[in-house]
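Reading through the structure tokens given below for one structure.
The chains referred to below are lettered A, B, ... by the order of the sequence lines, with proteins before strands, and numbering in each begins at 1.
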Number of protein chains: 2
Amino acid sequence: MSSRTTARRHRRAPSAPKTLDVPRKLPRQERAQATVEAILRATAHILRTKGWDECNTNAVAKRAGVSIGSLYQYFPSKEALIAALAERHAQEGLKILVESVAAARAREVPLSFEATVFHYISAMVTLHSHDPELHRVLVEQVPRLPGGQEVIRRTSSHAASLVRAWLDTQREHLRIVDLDVATYMLVTAVEAIQHLQVVHRPEQLSREVLVTELTHLVLGYLGVTRAGR
Amino acid sequence: MSSRTTARRHRRAPSAPKTLDVPRKLPRQERAQATVEAILRATAHILRTKGWDECNTNAVAKRAGVSIGSLYQYFPSKEALIAALAERHAQEGLKILVESVAAARAREVPLSFEATVFHYISAMVTLHSHDPELHRVLVEQVPRLPGGQEVIRRTSSHAASLVRAWLDTQREHLRIVDLDVATYMLVTAVEAIQHLQVVHRPEQLSREVLVTELTHLVLGYLGVTRAGR
DNA sequence: GCGAGACCTGAGCCTTTGCTCACATTATTG
DNA sequence: CAATAATGTGAGCAAAGGCTCAGGTCTCGC
């Protein structure tokens with residue numbers, strides 16, 4: 001059986017509008033919240049260690065120490081389960097970013113332009129060092145989930161708005177004309193390099209070199225002049 | 001059933017070393033070559049239009065107009081089938097790159113440094129415009145295939161060697177010290193931006209803008225001074 | 001303490017699909 | 001024109017795993 005498309009297509013209610021509610025039912029008691037939590041943790045663990053294929057709902061329920069029925073009480077399908085995990089992962093990531101921006105803004109002595117870039121890049125690299133295996137699996141599989149593209153779009157666009165806002169305050173230092181395009185390029189480039197780093201994990205670049213080079217890349221693109229390497 | 005890991009794990013020959021030969025048997029007659037060709041085309045078509053999940057071996061055989069048995073005569077598993085397609089796709093891509101480099105080298109009046117970068121970037125963008133749907137699916141799924149990482153590694157490293165060789169002839173123009181790191185950054189950044197462009201296809205950037213901005217990115221990183229936008 | 005509803009259980013139904021095998025057809029060789 | 005090898009066929013096996021349902025247990029307000 002195809003792990004994905006098959007799901008939720010059984011005989012019952014053939015005309016019912018495919019309920020893709022996430023979660024199907026909200027946990028109201030503490031007990032239930034613990035169940036949901038255990039399920040999500042188990043999902044993350046299996047995804048991380050065994051990958052998408054071994055991550056079937058029976059295995060998740062087993063590892064979570066709950067019955068398969070409980071799982072389906074809160075998640076209408078395997079897709080919804082993983083989508084929920086992805087959503088959570090994305091929110092955690094955004095939180096780190098937002099905090100990083102806030103930290104930079106809160107400084108009494110503001111950082112220089114270059115130092116700020118360095119600061120943000122470091123935050124991004126740190127972000128991608130958290131649980132890279134899970135990140136890897138999610139990044140690979142979420143796009144194909146129903147609603148997955150939407151999660152990605154929302155998350156990127158939130159991140160982009162942060163960058164865009166900051167660039168806007170720094171116009172004077174930049175050669176850039178179209179800030180939207182510049183934002184897109186920067187967010188994409190930095191995200192994408194991390195992406196490949198995580199997906200193919202070549203162990204090729206140390207964290208320091210990666211941060212330095214990404215900073216060069218960003219500053220170079222923005223047209224900020226600086227001393228040679 | 002999980003579409004992937006399950007395969008080729010059936011009762012027969014439990015101790016036999018998992019034959020992952022690709023192809024299992026070489027087509028010697030023209031007829032057989034046509035069969036293999038039809039199978040690969042069908043695979044590409046279904047992957048492109050229906051995605052990984054709908055791309056099961058029965059459907060491929062049906063669309064190819066051959067029996068399922070014939071498919072398994074040449075491809076020992078679904079994974080091997082898609083791996084073969086990926087290999088072919090990668091080779092075609094490399095060919096375009098190599099030709100692009102050859103074309104630049106063969107010019108009587110050599111291009112300027114900037115123009116050369118522009119030329120290569122254009123080639124890369126063109127490359128990713130061919131059959132983006134298929135590219136998208138392959139890029140998403142190949143890493144998880146047995147041997148998929150290897151295909152990716154081989155392909156990238158071939159491409160990287162081309163870039164690295166060219167950079168080496170241009171040392172004088174660059175701020176760069178470590179050419180290996182620079183090569184990695186450039187190949188990764190350009191590839192990755194295209195990657196995201198294809199995967200999320202935001203229709204956000206026109207081809208022209210994309211090429212221009214990528215060129216800026218590369219030149220900026222390399223530390224080549226240029227007139228403002 | 002009791003009723004209602006929230007929560008949990010897990011055997012097993014049912015579909016999908018990778019893949020085999022016994023046999024048929026077509027090409028090649030001598 | 002055999003004989004042999006290469007190629008092609010497709011019904012169907014068997015396993016995997018998503019998901020349901022009929023029934024239990026727990027919690028909480030009154």
Side-chain angles (χ1 to χ4, degrees), chain A residues 1-14 16 18-20 23-39 43 46 50 52-62 64-82 145-146, chain B residues 1-14 16 18-20 23-39 43 46 50 52-62 64-82 145-146:
Chain A
M1 168 186 294
S2 167
S3 329
R4 289 153 288 282
T5 45
T6 311
R8 210 172 48 278
R9 180 183 349 130
H10 280 292
R11 73 231 92 119
R12 182 154 294 264
K18 331 181 171 187
T19 58
L20 206 58
R24 164 179 285 185
K25 174 196 214 171
L26 288 169
R28 306 156 98 95
Q29 301 176 2
E30 256 183 52
R31 175 168 65 129
Q33 303 226 345
T35 299
V36 168
E37 181 62 29
I39 291 170
T43 307
I46 296 181
K50 307 277 184 63
W52 172 277
D53 287 319
E54 324 283 1
C55 185
N56 57 66
T57 51
N58 290 303
V60 168
K62 192 168 183 183
V66 303
S67 83
I68 182 67
S70 291
L71 188 154
Y72 278 95
Q73 210 153 82
Y74 299 106
F75 303 97
S77 67
K78 178 181 174 177
E79 288 92 335
L81 170 60
I82 295 183
L145 258 43
Chain B
M1 168 186 294
S2 167
S3 329
R4 289 153 289 280
T5 44
T6 312
R8 206 172 53 279
R9 192 202 317 153
H10 280 293
R11 71 232 94 118
R12 183 153 295 265
K18 331 182 173 185
T19 58
L20 206 58
R24 163 180 284 185
K25 175 194 212 171
L26 289 169
R28 307 157 99 95
Q29 302 176 2
E30 256 182 52
R31 175 168 66 128
Q33 303 226 344
T35 299
V36 168
E37 181 62 30
I39 292 170
T43 307
I46 297 180
K50 308 276 185 63
W52 171 277
D53 287 318
E54 323 284 0
C55 187
N56 59 64
T57 50
N58 290 304
V60 167
K62 192 168 183 182
V66 304
S67 83
I68 182 67
S70 290
L71 189 155
Y72 278 95
Q73 211 151 84
Y74 299 104
F75 302 97
S77 68
K78 178 181 174 177
E79 288 92 334
L81 171 60
I82 295 182
L145 258 42

From [options], pick the nucleotide closest to the side chain of [X]?
X       : options                : answer
B:Thr35 : D:dG8, D:dC19, C:dC7   : D:dG8
B:Arg28 : D:dT7, C:dT17, C:dC8   : D:dT7
A:Asn56 : D:dG17, C:dC7, C:dG18  : D:dG17
B:Gln29 : D:dT9, D:dT7, C:dG18   : D:dT7
A:Ile68 : D:dG8, D:dT9, C:dA11   : C:dA11
B:Tyr72 : C:dC19, C:dT28, D:dC19 : C:dC19
A:Arg31 : C:dC19, C:dA6, C:dT26  : C:dA6
B:Ser70 : D:dG8, C:dG12, C:dT9   : D:dG8

Please tell me if B:Thr57 has a side-chain N or O lying less than 4.0 Å from either OP1 or OP2 of C:dG18. yes
Report the distance from atom [atom1] of [X] to atom [atom2] of [N], rounded to the nearest whole Å.
X       : N      : atom1 : atom2 : value
B:Phe75 : D:dT7  : CZ    : P     : 13 Å
B:Tyr74 : C:dG18 : OH    : C1'   : 19 Å
B:Leu71 : C:dT20 : CG    : C1'   : 13 Å
A:Glu54 : D:dA16 : CD    : P     : 11 Å
B:Glu30 : D:dG8  : CD    : C1'   : 17 Å
B:Lys62 : D:dT9  : NZ    : C1'   : 15 Å
B:Gln73 : D:dG10 : CD    : P     : 14 Å
A:Glu79 : D:dC19 : CD    : P     : 6 Å

Please report the closest heavy-atom contact between [X] and [Y], naming both atoms and the distance.
X       : Y       : result
A:Tyr74 : A:Ala32 : OH-CB, 3.3 Å
A:Val60 : A:Ile39 : CG1-O, 3.8 Å
B:Gln33 : B:Pro27 : NE2-O, 3.4 Å
B:Ser70 : B:Thr35 : CB-CG2, 4.4 Å

Taking the nucleotide of DNA chain D with the nearest heavy atom to each, does B:Ala32 or A:Ala59 sit closer to the 5' end? B:Ala32
Reading DNA chain D from 5' onward, which residue's closest nucleotide shows up sooner: A:Cys55 or A:Gly69? A:Cys55
Are the side chain of A:Lys62 and the backbone of A:Thr57 linked by a donor-acceptor contact shorter than 3.5 Å? no
Contact nearer the 5' end of DNA chain C, comparing A:Val66 with A:Asn58: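 This one resolves to A:Val66.
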